[in-house]
Amino acid sequence: MSEISVGALLDLPTDAGYKVAHSSGTIAVFRLGDEAHAIADRCSHAEASLGDGDVFENEVECPKHGAAFDFTTGEALTLPATKPVTVYATEVRDGNVFIEIPDEESADERAAHE
């Protein structure tokens with residue numbers, strides 16, 4: 001596992017996503033109270049950026065076709081999306097947000113079990 005620093009929790013918007021680039025792609029980060037949640041930035045239906053979507057409490061709506069996702073679990077909540085998106089573990093330490101990035105081997109092993 002490796003981790004990336006997002007920045008200060010208080011600097012994250014509460015009504016929008018925040019996109020963070022890393023070596024394997026982009027992660028969408030969402031602030032919910034004193035917590036941060038991170039999911040894969042791409043909608044599982046049509047590859048649109050979830051970080052650009054509208055945020056309602058713990059849900060983000062895909063800007064392309066309106067599919068909603070729970071950004072705390074990655075679950076697809078409405079059609080046209082039927083598949084969840086990847087969730088990344090987050091931690092707030094000393095007011096700063098960190099995202100855990102699985103090693104490629106670990107990700108491959110998880111995919112083989114799904």
Side-chain angles (χ1 to χ4, degrees):
M1 287 269 176
S2 62
E3 72 177 17
I4 55 175
S5 174
V6 174
L9 176 69
L10 295 178
D11 289 343
L12 294 177
T14 56
D15 58 353
Y18 180 81
K19 295 189 280 187
V20 178
H22 68 96
S23 61
S24 300
T26 305
I27 297 173
V29 181
F30 302 92
R31 180 178 165 197
L32 185 61
D34 292 334
E35 299 177 343
H37 299 274
I39 59 175
D41 184 47
R42 294 286 169 213
C43 174
S44 61
H45 167 253
E47 300 288 318
S49 170
L50 295 175
D52 292 335
D54 292 328
V55 174
F56 306 96
E57 295 183 20
N58 64 321
E59 298 176 14
V60 60
E61 183 177 282
C62 176
K64 191 165 186 177
H65 292 118
F69 294 87
D70 182 324
F71 57 71
T72 66
T73 65
E75 178 183 3
L77 301 173
T78 63
L79 296 173
T82 58
K83 295 180 182 176
V85 293
T86 301
V87 174
Y88 295 90
T90 61
E91 182 180 3
V92 178
R93 292 193 310 260
D94 298 323
N96 293 303
V97 178
F98 298 88
I99 301 171
E100 290 183 14
I101 306 297
D103 295 334
E104 287 302 315
E105 181 176 318
S106 298
D108 290 342
E109 288 174 3
R110 278 193 304 278
H113 296 292
E114 292 180 352

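Since this is a predicted model, take the numbers as computed values, not measurements.
- Under a 3.5 Å cut-off, the side chain of D54 and the backbone N or O of E61 do not form any donor-acceptor pair.
- Shown here are the side chain to side chain donor-acceptor pair (under 3.5 Å) partners of T72, two or more places apart in sequence or in another chain: D70.
- Using a 4.5 Å cut-off on side-chain heavy atoms (C-beta onward), L77 and E59 make contact.
- Judged purely by atom type and a 3.5 angstrom limit, T78 uses its side chain to pair as donor or acceptor with the backbone of A68.
- Shortest non-hydrogen contact noted between A46 and H65 is CB-ND1, 3.6 Å.
- Across every non-hydrogen atom of V97 and A36, the tightest pair is CG1-CB, 3.6 Å.
- Taking OG1 of T90 as the start and CZ of F98 as the end, the distance is 11.5 Å to the nearest 0.5 Å.
- Considering only heavy atoms from C-beta on, C62 stays 4.5 Å or farther from H45 through its side chain.
- A search for side chain to side chain donor-acceptor pair (under 3.5 Å) contacts involving E35 returns H37, not counting sequence neighbours.
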What verdict does the side chain to side chain contact (heavy atoms under 4.5 Å, CB included) test give for L12 and V29, after you've listed the backbone C-alpha separation in whole Å, the side-chain angles of each residue and the deciding distance to 0.1 Å?
CA-CA 8 Å; L12 294 177; V29 181; 3.9 Å; yes
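- Residues satisfying the salt bridge (charged side-chain N to carboxylate O under 4.0 Å, His left out) test with E75, not counting sequence neighbours, are none.
- Under the 3.5 Å distance criterion, the side-chain polar atoms of T26 are left unmatched by any main-chain donor or acceptor of D41.
- Among all heavy-atom pairs drawn from L50 and V85, the shortest one is CD1-CG1, 4.0 Å.
- Put simply, CZ on R31 and CG on D15 are 10.0 Å apart, with the number rounded to the nearest 0.5 Å.
- At distances below 3.5 Å, not a single donor-acceptor pair connects side-chain atoms of S44 with backbone N or O atoms of A81.
- Pairs of residues two or more places apart, or lying in two chains, that qualify as ring-ring contact (aromatic ring centres under 6.0 Å, His included) and include a residue from residues 11-34 are F30-F71.
- The side chain to side chain donor-acceptor pair (under 3.5 Å) test applied to E100 returns no partner, not counting sequence neighbours.
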What do the steps show when you test L9 against N96 for side chain to side chain contact (heavy atoms under 4.5 Å, CB included), and what is the final call?
CA-CA 5 Å; L9 176 69; N96 293 303; over 6 Å; no
Begin from the C-alpha positions of I39 and T86 and carry the test side chain to side chain contact (heavy atoms under 4.5 Å, CB included) through to its verdict.
CA-CA 5 Å; I39 59 175; T86 301; over 6 Å; no
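- For P102 against M1, the heavy-atom pair with the smallest separation is CA-SD, 3.9 Å.
- With sequence neighbours left out, the salt bridge (charged side-chain N to carboxylate O under 4.0 Å, His left out) criterion links K19 to D52.
- Nearest heavy atoms, E3 versus R93: OE2-NH2, 2.8 Å.
- You'll find the side chain of I101 reaches within 4.5 Å of the side chain of I27, heavy atoms only.
- Side-chain heavy atoms closer than 4.5 Å link hydrophobic residues (I, L, V, M, F, W, Y) into clusters, and following such links, even through other members, never connects L10 to L32.
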